[in-house]
*Asks:* 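If you scroll down you'll find the structure; I have some questions about it.
Positions are given from 1 along the sequence.
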Amino acid sequence: VIQEELHRMRMATKAQVQLRMTKRSDLLDDIARMPDFMVALRPHTVWEKTPVKLFCTVQGNPRPIVKWYKGGMPIDPPSTPGKYKIENKYGVHSLIISRYVAPSTPRDCSPTEFCFPFRSSVPHLTDIHPSKLEVSFLDRFPVSFGVEGSSVSLVCTMVVVPDLPNLPPHAQWYRDDKLLKPGKLVEMAVGGSAASLTLPHLAKDDEGLYTVRIFTKDGTTEHSAYLFVSDAPPSAAGAPGAPMSVKAYDINSDYVLVAWKPPNTVNEAPIAGYFVDRCEAGSDTWVQCNDAPVKVCKYPVHGLSVGRSYHFRVRAVNSAGISRPSRKSDKVTAIDAAENERLQVIKIEGKYDIVIKDDDLEGHVTIPGEPTDVHASEIYKSFVVLSWKPPSPRGRAPLWYVIDKVSGTGAWQRINTAVKLHSPRYPVYDLQDGQKYQFRVYSVNMHGSSEASAPSEPIQKVDQDGVPSAPGQVVATRNTKTSVFVQWEAPKHLKHLMGYYIDGRVVGSKDWFACNHKPFKHTRFVVHGLIPGESYVFRVQAVNVFGLSEESQESTPISVEPALATPSSPFGITLLSCDGSSMTLAWKSPKHCGGSKVNAYYISKRDADTLVWNEVNLTGVKERICTVDNLTEGTFYEFRVQAANMAGVGPPSSPSAPMKCVAWTAEVPGPAYDLSFSEVRSHSLVILWKAPVYTGASAVTGYFVDMAKKDSSEFVTLNEEALKHRYLQVSGLEEGQFYVFRVRAVNAKGVGKASQLSEPVCARALPGTKEIVAGVDEETGDIYLSLEACEICETSKFEWSKNYKPIGDCPRLAVTTKGRTSRLIFTNPDKDDLGRYSVVVTDTDGVSSSHTLTEDGGSSDEAEIRTLILSHAIRNPIIPLKHGLNYEVLEKGHVRFWAQAVKLSPAVSYRFIVNDKEVTSGEGHKFSHDVATGIVQMTVDQFTRANEGTYTVQIHDGKAKAQSSLVLVGDVFKAALKEAEFQRKEHIRKQGAHFSEYLYFTVTEDCTVLLTCKVANVKKETTLHWYKEDDEIVPETPPNVMSGACALPLPLFSRKDQGVFKAVLGDDRGKDTSTIDISGKGQILFIRISSASDLVLQCTPEGIRLQCYMSYYTEEMKTVWKHKESKIASSEKMRIGGTAEMAWMQICDPSDKEKGHYTMEIFDGVTTHTRTFDLSGQGGQQVSSGWPYSFSLINRGRVVGGLPDVVTIMEEKSLSLTCTVWGEPTPEVTWFKNEQEVTCNEHTKVTFDGGKFASLVINKVTPDDSGKYSINVRNKYGGEFVEITVSVYKHGEQIPEPKLGHPKMATATPAGTGQV
């Protein structure tokens, strides 16, 4: 109905306007007017063979007739079909040329024949300059952040008119007002309606203010934004950042001066110096120029090769390490700068140039002149750079220089430059601190040396200036919601200032961060990239060639907020209800609040047919809904709204559409309003709205929500059934897509009018968005929901709601806010608290989140259960125990009951309960605790049968409690009581002389049993007596009790020595007894068997023998020999026996029948001990266990007998050493003297008769024949080596006493055949 009425009013108004215009035109028709161009033809620039349209508008009375001409000739469309088309619509005349072809000469097109022709020239495309284009920016590149080594692109999109593909606008890029040129480090592109700058390899040199300047028809248009480049990760932790802006100055043939800017050191150690590296152009090899770090940001590089090009780079050094290298400098070529000055150009008649060298004017010069103006061009703590002017005349021969120095009144000394010095520059390093020096220079060439130059002024190596003083007061002010404007006073002493470094710090944090990474030249700077709502402080350092100054004083803390301004205008005014005399309006909040909360709205109205606005409310309204009264029914009204904050009243909104004041009578509801969004994420959001003011004929029962993509009219209803509540979570959205929504209310009569469309919303979460976290307060145990906002401002508030309804005054809920974090605390949780909780942070770009507390069926059940358990644990805290209640029997028979907690405070209290009765500390019971260890204990002095029962300890520490019980009854109590009585007796026993260690025995290598005990608390009168079966044993050496240990040796212990041994210790204080039973049950046999070795194979003349060596062997030891598990009885073939050192079994004349596995078993009365040996001849790798090896031992070459160990003989007598040898096959025999083979001669004769008898005969021995003789008998199975010592004495000497040696066991060595 309202729409129909509006349409009727518009038509009536239009009819009145047309009527008035008709009357006016009738009057004008009577007045004659000459033809005139209202809009003349305009020049056009077009591509060949493309359509072009020419337009003009004419007026005149009577109506003019328009004709089109080309080159003075009328255009006739029928004569050229499809070429031209002439139209006339509403007084606008047009000529359409379908395919325009540029003529060789410009031609004119002019309409009408009634006045002088209007000429419109169509020029060629090549005649248009890019500066004639109209250019407007669309999207501009923002403040950008990069890291060293990465890349970044700055892009501006624009609208170009006309947009010609082959004629892009002319764009220039600047960094800090310096024009950039394309290159490897800077890439530029213009076209496709965009201008871009790409930096492919970022370095801190690239940091600065970037400006793009586009030349347009009206001049230029430009945009600027800052690029920040931070340090790449250091090569070592704590190492400084890389230096920057490396450049070479004062370039000569073998010398350049390299300068750079120091890096900012925020949290790193101070810079100790710099290393300068050089690299020849075209090479990747870097050479370090200085051995020790240079402390200033300048360094003279000497010794370059003339004519070669170089790059330079710099590395900073501190105590933690060396920085990454800087970006390399531009290429410089080592050339003599004075060469160009020696050239003169003479012009002849303005046409020709004649170049003359000074050499041509000087004539024939052999020895050069002396240099002049010797001075120090650079003076620093670490070096001095000498400079001078080249000689004049200098001659044609190659020139170099020699330098002398002198200190005070001393003699001149030549400076060794190592290489010829070709440049009039030289750095001097080895100058003493505090000394003044003078220098002089000689010019030298192949003909000789010049006179010395005049001495320089005295030069002293000092720091000329040092670092600047600290900057003055630092002031930070608001700028935007992510940036702060920082200003400061310049230092009082600038000292060749390079710029400033600005550092920032979050209030409450100790860590500073760098705000810029390249020295900034001005005393004001905008710090970007800050967290909205966070508070910061700032400081500034000045920078020069010597480094960084002291830090300035810190600024006062400032919160990151936009600068204060009036709010923008509200929008979206909509009519919610009308009763014929009043209208209820609603509107949407301003998009920008101006940095302060909007606290009032002011509404104005006017009749639709007037221009005068009237204020509706003199007092601002707080809400975004207002009812305007005292209206005239049937009148059309327009409304506008203004928002106000602390800064004032903002601009008014656009006027609303005309609204007719007519009472609403529809039965369906009016529109819902105030559509808003919460929890916007990449694929979901929550839409909220308010109920209609006009409900219709019945109450509103639900809502339908429709959604469509932006700029689309295809709406989709999201819910099949009407919603009872006024919110809806929408999921399944496309990330980055924009959507619009509308809501329709429903009552019993039907679906009402749709709400006004919402603002387009993008499905994308805010950067840094965090969700609500459920937790438990560690101190109070209260459950809470917490949100840390990613964005906040000074006026922001956290608005909590349950099921999207504001939380009222509830005693079980409390809200706390600290900084960027807000908590909703459940002080006394109840089932009524279950539901969906959400929070919105006001005055932000939509920071919000929600969390659902469910009783069952929710996805967060486990987390909620854990939260409840934790809350209960904190509200009812329990002291964690490391150890529950336990007991320990102490000396004297005391019993200690104790428990240990993880942690106790000094305010701890506790009590012990025994058999349901509390025990107090006093006689018989002692209580104590240790806070450090967490131990609580009770000691019972007299532990008797009456102490049987249940013991409990209860501990209280603040709110925390702990309880532990111990049941001490039955066998457990009896064991404790027995131990207590034993300890009591032990205490009494130890009051006098007693055994600290009771009797025990050890066995020595010779099988002597040693009974040992240790005694304590003895005195001189204390005695010790030994007994066996009550018979006293009197040892040869009386025991020494004062030594603390006594022993009784029992040598060659056998069965007759078994029995019970006893030691009795006593004095006037009492006696103590210790016994030990070493009778039977295998103790003695075990002693002997423990020393038994493995079975060993030994060859004898009768055959082979298996032997087991022992420390002590007797016939009492039961030994059983087995062959292939069958017991062996002693016989002529198998003999079994033993000696005091071994047990053995002899196999006489072994054959294949004796092959197999042999075992010797020794029984100690409890366990059978076995030793085994394998004579099976199998398992080819075990040579020592196989039968072939046994056979080789039997048949090997060996000495059977006949040779003594020692021979003593008088000189001049003959010596005959004869022995019998044996082996199969017959062995070879070799004699040796002192390890040298004996050969046959007149003095010595060697014989071997019948393969059995070997002899060595020495005729008429002399003392020289004394020595060690040996015989080696060997065949293929092995051999034997026997030694004899021969001593020769002279006549009249006493016969030396023979030194009898031990029988030698000849070693059986297997033959080299390797048989197994």
Side-chain angles (χ1 to χ4, degrees), residues 533 588-589 623-624 672-691 703 705 707 718-719 723-733 739 741 743 758-759 761-775 782-793 795-810 812-827 829-855 857-861 863-864 867:
K588 296 181 180 179
S589 302
E623 303 296 330
R624 287 181 288 108
Y673 70 101
D674 198 13
L675 274 64
S676 61
F677 301 97
S678 178
E679 305 160 41
V680 180
R681 302 295 185 262
S682 299
H683 302 288
S684 65
L685 57 81
V686 175
I687 181 173
L688 303 98
W689 61 90
K690 293 182 178 178
Y703 301 90
V705 181
M707 178 185 74
L718 299 176
N719 53 311
L723 298 171
K724 302 298 182 183
H725 44 72
R726 295 193 302 275
Y727 64 89
L728 175 66
Q729 182 167 0
V730 183
S731 58
L733 305 180
Y739 296 88
F741 295 84
V743 179
S758 69
E759 286 295 300
V761 58
C762 179
R764 181 181 290 114
L766 292 174
T769 295
K770 296 183 179 180
E771 302 296 342
I772 290 177
V773 176
D782 294 334
I783 298 175
Y784 64 81
L785 300 178
S786 174
L787 176 69
E788 182 181 355
C790 62
E791 176 186 338
I792 199 172
C793 68
T795 60
S796 294
K797 290 185 178 180
F798 290 83
E799 296 182 349
W800 288 88
S801 61
K802 178 183 178 183
N803 299 328
Y804 298 99
K805 295 181 181 179
I807 296 176
D809 294 334
C810 180
R812 299 191 308 274
L813 300 178
V815 177
T816 61
T817 301
K818 184 177 181 181
R820 308 168 64 85
T821 303
S822 179
R823 281 187 178 184
L824 177 65
I825 302 172
F826 299 85
T827 56
D830 190 82
K831 285 187 176 181
D832 294 338
D833 296 324
L834 299 176
R836 183 167 185 168
Y837 290 85
S838 60
V839 60
V840 175
V841 185
T842 62
D843 297 332
T844 63
D845 288 339
V847 178
S848 56
S849 182
S850 68
H851 186 85
T852 303
L853 296 177
T854 60
E855 184 175 11
S859 60
S860 57
D861 280 351
E864 305 301 344
T867 301

*Asks:* Side chain to side chain contact (heavy atoms under 4.5 Å, CB included) with His725: which residues, sequence neighbours excluded?
*Replies:*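 His725 satisfies side chain to side chain contact (heavy atoms under 4.5 Å, CB included) with Leu723, Tyr727 only.
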*Asks:* Has Ser758 got a side-chain atom pairing as donor or acceptor with Phe741's backbone, closer than 3.5 angstrom?
*Replies:*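 Checked: pair present.
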*Asks:* Has the side chain of Asp674 got a donor or acceptor atom that lies under 3.5 Å from a matching backbone atom of Lys690?
*Replies:*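 No, the answer is negative, given that no donor and acceptor are paired below the 3.5 Å cut-off.
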*Asks:* Heavy atoms, side chains only, cut-off 4.5 Å: are Thr816 and Ile825 in contact?
*Replies:*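 A side-chain contact exists here, since the closest heavy-atom pair is under 4.5 Å.
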*Asks:* Please determine, by modelled atom types, if Ser850 and Glu679 share a side-chain donor-acceptor pair under 3.5 angstrom.
*Replies:*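 There is such a pair between these side chains.
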*Asks:* Under 6.0 Å between the ring centres of Tyr804 and Tyr837?
*Replies:*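 No, ring centres 6.0 Å or more apart.
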*Asks:* Do Leu688 and Leu675 come within less than 4.5 Å of each other through their side chains, counting heavy atoms only?
*Replies:*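 With C-beta onward as the side chain, the pair stays apart.
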*Asks:* So, Thr769 side chain and Leu766 main chain: donor-acceptor pair closer than 3.5 Å or not?
*Replies:*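 Between the backbone of Leu766 and the side chain of Thr769 there is a qualifying donor-acceptor contact (under 3.5 Å).
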*Asks:* Do Val761 and Leu685 have side chains that approach each other closer than 4.5 Å (heavy atoms only, starting at C-beta)?
*Replies:*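 They are in side-chain contact.
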*Asks:* Would Arg624 and Ser589 count as a side chain to side chain donor-acceptor pair (under 3.5 Å) if you check the C-alpha gap in whole Å, the side-chain angles of each, and the deciding distance to 0.1 Å?
*Replies:* CA-CA 7 Å; Arg624 287 181 288 108; Ser589 302; 2.9 Å; yes
*Asks:* Would you say Ser848 and Ser678 are linked by a side-chain donor-acceptor pair, where the criterion is simply a distance under 3.5 Å?
*Replies:*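 Per modelled atom types, Ser678 and Ser848 side chains form a pair under 3.5 Å.
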*Asks:* Decide if the gap between the ring center of Trp689 and the ring center of Tyr673 is smaller than 6.0 angstrom.
*Replies:*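 No - the distance between ring centres of Trp689 and Tyr673 does not fall below the 6.0 Å cut-off.
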*Asks:* Would you call Arg836 and His851 a side-chain contact if the rule is heavy atoms closer than 4.5 Å?
*Replies:*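 With C-beta onward as the side chain, the pair stays apart.
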*Asks:* Taking the side chain as everything from C-beta on, heavy atoms only, tell me whether Arg823 gets closer than 4.5 Å to Leu785.
*Replies:*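 No, every pair of side-chain atoms sits at 4.5 Å or beyond.
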*Asks:* Using the side chain to side chain donor-acceptor pair (under 3.5 Å) rule, take Trp800 and Ser822 through it: C-alpha gap first, then chi angles, then the decisive distance, then the call.
*Replies:* CA-CA 9 Å; Trp800 288 88; Ser822 179; 3.0 Å; yes
*Asks:* With a 4.5 Å cut-off on side-chain heavy atoms, are Ile687 and Ser676 touching?
*Replies:*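 Heavy-atom side-chain distance check fails, nothing below 4.5 Å.
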*Asks:* Would Phe798 and Ile792 count as a side chain to side chain contact (heavy atoms under 4.5 Å, CB included) here? Give the steps.
*Replies:* CA-CA 10 Å; Phe798 290 83; Ile792 199 172; 3.8 Å; yes
*Asks:* Yes or no on side chain to side chain contact (heavy atoms under 4.5 Å, CB included) for Arg726 and Tyr703, after CA distance, side-chain angles and deciding distance?
*Replies:* CA-CA 8 Å; Arg726 295 193 302 275; Tyr703 301 90; 3.7 Å; yes
*Asks:* Might you work through the side chain to side chain contact (heavy atoms under 4.5 Å, CB included) test for Leu718 and Val730, ending with a clear yes or no?
*Replies:* CA-CA 8 Å; Leu718 299 176; Val730 183; 3.7 Å; yes
*Asks:* Evaluate the criterion side chain to side chain contact (heavy atoms under 4.5 Å, CB included) for residue pair Leu853 and Asp833; output intermediate values, then yes/no.
*Replies:* CA-CA 8 Å; Leu853 296 177; Asp833 296 324; 5.5 Å; no
*Asks:* Main chain of Cys790, side chain of Arg820: is a donor-acceptor contact present, judged purely on distance under 3.5 Å?
*Replies:*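 The answer is yes, because a donor-acceptor pair under 3.5 Å joins these two groups.
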*Asks:* Give me the atom names and distance for the closest heavy-atom approach of Thr844 to Ser796.
*Replies:*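 Nearest heavy atoms, Thr844 then Ser796: CG2-OG, 3.7 Å.
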*Asks:* Kindly say whether Lys797 contributes a backbone atom to a donor-acceptor pair with the side chain of Thr842 at under 3.5 angstrom?
*Replies:*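 Yes: the side chain of Thr842 pairs with the backbone of Lys797.
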*Asks:* What is the minimum heavy-atom distance between Lys802 and Ile807, and which atoms define it?
*Replies:*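 Smallest interatomic distance, heavy atoms only, reads N-CG1, 3.7 Å.
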*Asks:* Is the closest side-chain heavy-atom distance between Leu787 and Val773 below 4.5 Å?
*Replies:*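 Side-chain contact under 4.5 Å: no.
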*Asks:* For the pair Glu771 and Arg681, find out whether any cationic side-chain nitrogen is under 4.0 Å from an anionic carboxylate oxygen.
*Replies:*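 Looking at Glu771 and Arg681, the cut-off is met.
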*Asks:* Does Asn719 use its side chain to pair, donor to acceptor, with the backbone of Val705 at less than 3.5 Å?
*Replies:*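 Flag set: sc Asn719 to bb Val705 pair under 3.5 Å.
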*Asks:* Is His683 reaching over with its side chain to a backbone N or O of Leu733, donor-acceptor style, under 3.5 angstrom?
*Replies:*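 Side chain of His683 to backbone of Leu733, a donor-acceptor pair under 3.5 Å: yes, one is there.
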